[in-house]
Amino acid sequence: MDVKTLLTTHEEKMDKTIEALKRSLASIRTGRASTSLLNRVSVDYYGTATPVNQVANVSAPEPRLITIVPWERNMLGPIERAILKSDLGLNPNNDGTMIRLEIPQLTEERRKELSKKVSKEAEDAKVVIRNIRRDGNDAIKKLEKQKEITEDESKEGQTNIQKLTDKKIKAVDEIKEKKEKEVMEV
């Protein structure tokens, strides 16, 4: 394996970490209604745990309202129970044909709590990225030790991995700031 291939594979791992962070942050509730809040909510659909958005039409017609219209009417109850069991803290309103989720205004205390959660998720992503950097550096040093690359190539590879890490950490910080701003918005 050469340094270029190694850098590419490690960059892909870092990108996957950033994507995982984005998915994780999408499920953190802000003051606005977002259909992505229900991404983690699964319902029992003929014996299989299935995401709500795969058994119903989920939309956000208003800034503080999410509507869920199941494709099969008998799914209303299971969807309602799944939302109640989730950690979203929302009370579903079932009218027999659809479920309405009112998104309450967040309190200042809850906003700060969610902001801390966002920071923790971002910090966890940074730790994973740094671990990927460490693995990359170890792999480069191993290649040098086995005389597959020169000392100069090793130093250049490690420098490039550091630059890549700095770039990805900056991306994580930008995502975190954007989400914190969203959470703190009244």
Side-chain angles (χ1 to χ4, degrees), residues 3-43 49-54 58-68 82-92 101-140 156-186:
V3 176
K4 201 170 202 150
T5 310
L6 204 130
L7 278 170
T8 306
T9 57
H10 283 72
E11 183 173 17
E12 287 171 5
K13 288 178 184 178
M14 289 180 185
D15 287 339
K16 285 179 184 172
T17 302
I18 290 174
E19 286 308 309
L21 172 68
K22 287 179 181 175
R23 278 193 305 277
S24 174
L25 292 182
S27 66
I28 293 179
R29 190 164 75 103
T30 61
R32 300 180 89 63
S34 169
T35 57
S36 62
L37 282 175
L38 299 173
N39 286 353
R40 288 190 186 168
V41 179
S42 293
V43 64
T50 310
V52 170
N53 61 4
Q54 291 182 13
V58 180
S59 62
E62 297 172 26
R64 299 215 176 278
L65 181 71
I66 296 175
T67 58
I68 305 163
I83 293 168
L84 285 170
K85 275 197 277 184
S86 73
D87 63 349
L88 292 175
L90 298 174
N91 289 325
L101 289 175
E102 297 269 338
I103 309 295
Q105 189 79 5
L106 293 173
T107 64
E108 187 67 27
E109 186 179 310
R110 182 70 175 136
R111 278 195 187 97
K112 286 179 181 168
E113 247 176 66
L114 290 174
S115 183
K116 284 180 188 171
K117 188 174 179 182
V118 168
S119 293
K120 186 189 179 315
E121 295 277 344
E123 194 52 46
D124 290 348
K126 287 182 192 178
V127 167
V128 170
I129 288 172
R130 288 185 195 114
N131 287 341
I132 294 169
R133 174 192 60 195
R134 186 196 60 225
D135 294 345
N137 284 338
D138 290 349
I140 288 172
E156 185 183 338
Q158 290 178 45
T159 302
N160 289 339
I161 279 212
Q162 185 58 51
K163 286 179 184 171
L164 182 65
T165 302
D166 293 342
K167 187 172 121 185
K168 298 304 178 182
I169 296 262
K170 186 175 185 233
V172 167
D173 284 335
E174 288 169 1
I175 293 166
K176 176 187 140 207
E177 285 172 26
K178 184 179 174 207
K179 187 64 178 186
E180 280 181 335
K181 187 178 174 190
E182 242 179 71
V183 167
M184 296 309 279
E185 196 175 281
V186 180

Take R40 and S86 through the test side-chain contact (heavy atoms from CB on, under 4.5 Å) and record every step on the way to the result. CA-CA 8 Å; R40 288 190 186 168; S86 73; over 6 Å; no

Sequence neighbours left out, cut at 3.5 Å: what donor-acceptor pairs do the side chains of residues 164-172 make with other protein atoms?
unit_1	atom_1	unit_2	atom_2	d
T165	OG1	I161	O	2.8
D166	OD1	Q162	NE2	2.8
K168	NZ	D15	OD1	2.5

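To the nearest 0.5 Å, atom CG of residue L7 and atom CD1 of residue I140 are 5.5 Å apart. From L114, atom CG reaches atom CD of E121 across 11.0 Å, with rounding to the nearest 0.5 Å. Note that CD of Q158 and CG of D138 are 9.0 Å apart. Values are rounded to the nearest 0.5 Å. Taking NZ from K13 and OG1 from T8, the interatomic distance works out to 12.0 Å, rounded to the nearest 0.5 Å. One finds the NZ atom of K178 at 8.5 Å from the CD1 atom of I175 (value rounded to the nearest 0.5 Å).
Scanning both residues, P92 and L101, for their nearest heavy atoms gives CA-CD2, 3.6 Å. The two atoms that bring A125 and T17 nearest to each other are O-CG2, 3.7 Å, heavy atoms only. Across L6 and G136, no two heavy atoms sit closer than the pair CD2-O, 3.6 Å. For V58 against N53, the heavy-atom pair with the smallest separation is CG2-CA, 4.0 Å. The minimum heavy-atom distance linking V3 with G157 is given by the pair CG1-CA, 3.7 Å.
In this structure a side-chain-to-backbone donor-acceptor pair under 3.5 Å is missing from S115 to K112. Not a single donor-acceptor pair under 3.5 Å links the side chain of K176 to the backbone N or O of A122. R64 places no side-chain N or O within donor-acceptor distance of the main-chain N or O of E102, the cut-off being under 3.5 Å.
Applying the salt bridge (charged side-chain N to carboxylate O under 4.0 Å, His left out) rule to pairs touching residues 127-137 yields E123-R130, sequence neighbours excluded.
The shortest distance between side-chain heavy atoms of L38 and I68 falls below 4.5 Å. No side-chain heavy atom of E11 sits less than 4.5 Å from a side-chain heavy atom of K16. Taking 4.5 Å as the limit, every side-chain heavy atom of S42 sits out of range of all side-chain heavy atoms of K85. Considering only heavy atoms from C-beta on, N91 comes within 4.5 Å of L84 through its side chain.
K116 has no carboxylate O lying under 4.0 Å from a charged side-chain N of E113, or vice versa, which leaves the two without a salt bridge. Note on K179 versus E182: salt bridge recorded, some NZ/NE/NH1/NH2 to OD/OE distance being below 4.0 Å.
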